[in-house]
Amino acid sequence: MIGMEEIIFSIILHGGNGRSAAFEAITAAKQGDFSKARKKLEEAVNELAQAHHIQTMLIQREAKGEKQEVSLLMVHAQDHLMTAMTMKDLATELVDLYEQTQSLLQSKVL
């Protein structure tokens with residue numbers, strides 16, 4: 001059976017990967033590479049889904065009566081995941097905004 005620390009670090013890992021991919025999406029959009037930006041957003045979604053799946057498993061365990069000690073590490077993992085999810089949402093909006101702005105600028109130039 002996987003230990004609690006390993007489970008917690010998996011949440012942190014996937015959350016961090018998702019957050020990094022979201023930042024990379026913003027950078028790509030800023031450079032006008034919207035195909036790469038969309039791929040990075042998809043990567044962020046996939047990473048965060050994995051972290052969320054692990055979180056849901058822990059919630060289901062607790063709902064079944066398997067109480068878990070709330071450690072500082074668990075609090076950090078939850079904070080890390082929620083921040084990453086917010087970052088992904090913000091990155092999606094920024095990629096859309098960059099794409100719309102570029103489209104508007106191109107239509108005015110032509």
Side-chain angles (χ1 to χ4, degrees):
M1 181 173 202
I2 297 174
M4 185 53 70
E5 282 187 358
E6 190 173 341
I7 291 170
I8 291 169
F9 280 118
S10 291
I11 293 171
I12 293 169
L13 171 74
H14 291 296
N17 289 346
R19 187 185 66 199
S20 293
F23 271 112
E24 290 174 24
I26 294 169
T27 300
K30 191 173 184 179
Q31 295 169 347
D33 190 346
F34 299 108
S35 176
K36 181 178 179 180
R38 297 288 172 202
K39 286 178 187 172
K40 287 295 177 177
L41 286 175
E42 185 176 323
E43 184 180 315
V45 167
N46 291 335
E47 287 288 342
L48 294 173
Q50 289 183 60
H52 189 259
H53 175 75
I54 296 165
Q55 180 190 48
T56 300
M57 177 197 63
L58 291 174
I59 292 168
Q60 288 172 341
R61 281 186 185 179
E62 189 162 314
K64 291 177 184 176
E66 295 178 37
K67 297 293 180 190
Q68 303 293 328
E69 181 181 329
V70 179
S71 66
L72 184 55
L73 192 56
M74 175 59 88
V75 171
H76 172 68
Q78 293 300 308
D79 181 52
H80 197 65
L81 176 56
M82 296 312 296
T83 301
M85 293 172 86
T86 301
M87 185 65 226
K88 189 271 303 171
D89 292 341
L90 181 60
T92 300
E93 293 300 318
L94 286 171
V95 168
D96 289 346
L97 183 60
Y98 275 119
E99 194 167 30
Q100 289 171 1
T101 301
Q102 181 172 326
S103 179
L104 285 170
L105 288 172
Q106 286 177 344
S107 68
K108 291 189 183 233
V109 169
L110 297 176

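A quick note: this is a predicted structure, and the numbers were derived from the prediction, not measured.
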Rounded to the nearest 0.5 angstrom, the CE-OG1 distance for Met87 and Thr92 is 9.0 Å

Report yes or no: do Leu13 and Phe9 belong to one cluster of Ile/Leu/Val/Met/Phe/Trp/Tyr joined by side chain heavy-atom distances under 4.5 Å? no

Run the side-chain donor-acceptor check on residues 67-79: report pairs under 3.5 Å with partners two or more places apart or on a different chain.
unit_1, atom_1, unit_2, atom_2, d
Ser71, OG, Leu73, N, 3.4
Ser71, OG, Met74, N, 3.1
Gln78, OE1, Gln55, NE2, 2.4

Could you measure the distance from the OG1 atom of Thr56 to the CZ atom of Arg61? Nearest 0.5 Å is fine. 12.5 Å

Which heavy atom of Gln102 sits nearest a heavy atom of Phe34, and at what distance? OE1-CE1, 2.9 Å

If you count heavy atoms of other groups shown closer than 6.0 angstrom to CZ of Phe23, is the number above 12? no

For Ala37 and Ala29 the tightest heavy-atom approach is CB-N, 3.9 Å

Can you name the residues that form a side chain to side chain donor-acceptor pair (under 3.5 Å) with Lys40, not counting sequence neighbours? Glu24, Glu43

Partner set under side chain to side chain donor-acceptor pair (under 3.5 Å) for Gln31, not counting sequence neighbours: none

Kindly compute the distance separating NZ (Lys108) from CG (Leu105), expressed to the nearest 0.5 Å. 8.0 Å

Between Leu90 and Leu94, is any pair of side-chain heavy atoms under 4.5 Å apart? yes

Side-chain (Thr101) to main-chain (Leu97) donor-acceptor, under 3.5 angstrom: yes

Using every non-hydrogen atom in the two residues, find where Ala25 and Val95 come nearest and quote the distance to one decimal. O-CG2, 3.7 Å

Which atom pair, heavy atoms only, marks the closest approach of Lys88 to Val45? CD-CG2, 3.9 Å

Leu81 side, atom CG; Thr86 side, atom OG1 - distance, nearest 0.5 Å: 9.0 Å

State the CE-CG distance between Met4 and Leu58, to the nearest 0.5 angstrom. 5.0 Å

Rounded distance (nearest 0.5 Å) linking atom NE2 of His52 with atom CD1 of Ile11: 10.0 Å

Which atom names give the shortest non-hydrogen contact between Leu48 and Met85, and what distance separates them? CD1-CA, 3.9 Å

Can you check whether Leu104's main-chain N or O pairs, donor with acceptor, with Ser107's side chain at less than 3.5 Å? yes

Shortest non-hydrogen contact between Gly18 and Ala44, atoms and distance: O-CB, 3.4 Å

Test item: Met57 and Ile54 side chains (from C-beta on) under 4.5 Å apart, heavy atoms: yes

